[in-house]
Amino acid sequence: TPPELIRNFCIIAHIDHGKSTLADRMLQITGVVAERDMRAQYLDRMDIERERGITIKSQAVRMPWQTDDGPSTGSGTVYALNMIDTPGHVDFTYEVSRSLAACEGAILLVDAAQGIEAQTLANLYLALENDLHIIPVLNKIDLPAADPEKYAAELAGLIGGSPDDVLRVSGKTGMGVEALLDRIVAEIPAPKGDADAPARAMIFDSVYDSYRGVVTYVRMVDGQLSPRERVQMMSTKATHELLEIGVSSPEPTPTKGLGVGEVGYLITGVKDVRQSKVGDTITNHRKPATEALAGYTDPKPMVFSGIYPIDGSDYADLREALDKLKLSDASLQYEPETSVALGFGFRCGFLGLLHLEIITERLAREFDLDLITTAPSVTYEVTTDTGETVTVTNPSEYPDGRVAEVSEPVVKVGILLPKDYVGTVMELCQSRRGSLLGMDYLSEDRVELRYNMPLGEIVFDFFDQLKSKTQGYASLDYEPAGSQTADLVKVDILLQGDKVDAFSSIVHRDKAYAYGTMMTERLRKLIPRQQFEVPIQAAIGARIIARENIRAIRKDVLAKCYGGDITRKRKLLEKQKEGKKRMKMVGRVEVPQEAFIAALSGD
Ligand code: GTP
């Protein structure tokens with residue numbers, strides 16, 4: 001397809017504003033998915049995505065669209081529309097930005113009953129940074145609660161132009177979707193590139209498929225690529241043969257090659273996504289380009305957590321499962337670690353909390369593993385009294401007693417909410433050590449609050465608190481904003497004088513006492529009485545800041561049996577042995593597996 005007839009676009013939206021549903025309707029209206037094959041959220045292939053209704057991996061799909069070029073001609077021109085789906089959640093911002101770099105335009109989709117939300121703004125700013133042409137669209141106009149007049153004004157106020165330029169559609173009924181496709185053709189610029197230059201193709205996604213190996217999604221900038229030729233990865237100079245090249249429409253369809261402005265996939269037989277790195281440039285082997293395209297910065301894990309098999313013999317399976325997930329998710333990081341309390345496991349790095357949740361759920365579901373996940377932690381940079389710097393991602397490795405200075409990661413937070421909740425949310429942010437950067441009214445009753453806040457305060461149930469304090473009306477987005485020094489301490493939890501590393505936490509000094517009392521109380525309720533008294537203590541270094549006691553009992557299971565019935569006695573003893581298997585020994589104290597899970601799950 002010549003570049004003049006290509007339009008590359010993406011849909012950006014806040015979570016649940018209906019991006020996948022609109023994409024489904026476009027697939028149907030352009031005829032690339034037959035009526036009988038249609039199923040909801042066609043592009044969300046992972047089970048977990050479908051169940052949670054969220055998009056994780058970006059996908060690209062090509063759709064033909066015929067316009068009426070004038071009433072007299074009758075026949076129209078057929079354009080190739082490449083739609084690149086983007087995830088809407090904060091954790092996956094880096095996937096959004098790389099999809100944007102492959103487009104010339106973006107549909108800014110807003111729920112006509114909700115209005116602009118935090119991720120609408122965050123994604124809009126990303127699109128503007130990438131110089132994309134923006135088409136503002138209100139979705140769900142079929143809803144009785146829709147208020148298109150109000151939100152069209154809100155959108156126009158945000159991006160300029162008149163409220164009349166804001167398109168109104170329903171992804172559910174299909175209303176307005178044809179008009180939207182026409183507007184994409186009319187307004188979004190055609191891609192530009194040099195067809196005679198050596199090929200330069202930008203990798204914007206790379207997914208592992210167990211049958212075909214790595215499938216790499218590319219946007220051609222210059223030149224062309226053809227099947228069976230040798231290509232070169234510009235960052236590593238590694239060469240591969242192109243086994244297949246094609247477009248997704250939406251099923252993979254091999255083509256005779258890809259030229260300027262086209263979006264498609266290629267397969268080289270590579271088995272590991274890291275060899276086909278997102279952001280890299282692919283060129284011809286025989287006549288390579290001299291300069292690579294500007295890449296992306298690698299996503300950096302922000303949240304760390306220890307993952308341990310409940311049954312120690314599952315350790316090898318857990319390693320294998322992580323290796324497999326890594327094939328399709330290069331942002332997942334892990335290394336082995338051991339815990340006195342939990343045994344052998346892995347310290348894993350995630351882009352954010354949702355990423356953590358998704359990975360642990362996939363481990364449980366796809367690999368059938370029973371796991372304990374320790375409380376999420378962020379990365380601390382510690383300078384010791386000897387001037388050494390240490391990066392701490394696991395609280396139990398905190399160099400206690402030798403700390404000169406600690407710095408913690410900070411994020412810039414944007415919260416959108418109805419004005420009635422401003423007071424409550426400001427209180428919440430202040431209690432989480434936030435400092436107010438600014439406050440704007442987007443409309444009469446909707447406010448944007450901007451804060452600087454330690455990431456460590458957000459990973460600890462901030463989102464849940466925000467939702468419950470605003471009846472679900474607030475939305476949140478955040479981006480990294482450097483780091484700051486803070487007065488932090490490590491609180492340890494001791495059972496009968498033995499440290500339980502899994503419960504150690506790095507907290508602000510002002511909150512150490514609250515953390516200590518909360519954990520000791522929680523554990524007192526969770527750990528059964530033993531043959532001897534068990535003190536549960538919280539400590540900063542050698543100083544005890546909180547204490548609870550579990551009183552001793554004499555556990556005499558045979559007392560009930562009045563001597564006589566020997567088989568009954570044996571049964572009871574066996575039952576007790578069964579019970580023991582699910583216990584972990586911490587020093588001399590028996591702690592049921594469930595107590596760890598409950599104490600770490602934090603409700
Ligand atoms: P993420 O992929 O998680 O970002 O969500 P999304 O933006 O793709 O939203 P999705 O398409 O999954 O839609 C969210 C919910 O809104 C679903 O329950 C849809 O059925 C519903 N929905 C989407 N479009 C419309 C619409 O036009 N009208 C109505 N009434 N409901 C819609």
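Whatever order the structure lists ligands and atoms in, that order sets their numbers, starting from 1.
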Item to check | Proximity winner for atom 29 (C) of ligand 1, if only heavy atoms of Arg25, His14, Lys172 are counted | outcome: Lys172
Checklist entry - With respect to atom 16 (O) of ligand 1, which of Met175, Lys140, His17 exhibits the smallest heavy-atom separation? => result Lys140
Item to check | Worked verdict on Glu187 versus Arg7 for salt bridge (Lys or Arg N to Asp or Glu O under 4.0 Å) | outcome: CA-CA 9 Å; Glu187 285 185 14; Arg7 299 292 182 271; over 6 Å; no
Checklist entry - Between Asp142 and ligand 1, which part of the residue brings a heavy atom under 4.0 Å of the ligand: side chain, backbone, both or neither? => result side chain
Item to check | Numbered atoms and elements of ligand 1 in range of Lys19, under 4.0 angstrom, heavy atoms | outcome: 4 (O), 6 (P), 7 (O), 8 (O), 9 (O), 11 (O)
Checklist outcome for this item: Numbered in order shown, the ligand 1 atoms found under 4.0 Å of a heavy atom of Leu143 are 30 (N)
Checklist entry - Side chains of Thr255 and Arg62: is there a donor and an acceptor less than 3.5 Å apart? => result no
Checklist outcome for this item: Nearest non-hydrogen contact to atom 13 (O) of ligand 1 from the set Ile11, Thr21, Ile141 belongs to Thr21
Checklist outcome for this item: ligand 1 to Gly171, heavy atom cutoff 4.0 Å, flagged ligand atoms 27 (O)
Item to check | Where at least one partner belongs to residues 414-434, residue pairs that pass salt bridge (Lys or Arg N to Asp or Glu O under 4.0 Å), sequence neighbours excluded | outcome: Glu408-Arg433, Arg432-Asp461, Arg433-Glu457
Checklist entry - Got a salt bridge between Glu104 and Lys192, using NZ or NE/NH1/NH2 to carboxylate O under 4.0 Å? => result no
Next on the checklist: Is it the case that atom NZ in Lys150 sees more than 12 heavy atoms from other parts of the structure closer than 6.0 Å?
Outcome noted: yes
Item to check | Within 6.0 angstrom of Phe367 CZ, more than 12 heavy atoms from elsewhere | outcome: yes
Item to check | Proximity of Ile15 to ligand 1 by residue part, where a heavy atom lies under 4.0 Å | outcome: both
Checklist entry - Should you measure from each heavy atom of Ser20, which atoms of ligand 1 turn up under 4.0 Å away? => result 2 (O), 6 (P), 8 (O), 11 (O)
Item to check | Non-neighbouring partners of Met439 that pass side-chain contact (heavy atoms from CB on, under 4.5 Å), sequence neighbours left out | outcome: Val422, Met426, Tyr441, Val447, Leu449
Checklist entry - Counting heavy atoms only, which part of Asn139 comes closer than 4.0 Å to ligand 1: side chain, backbone, both or neither? => result side chain
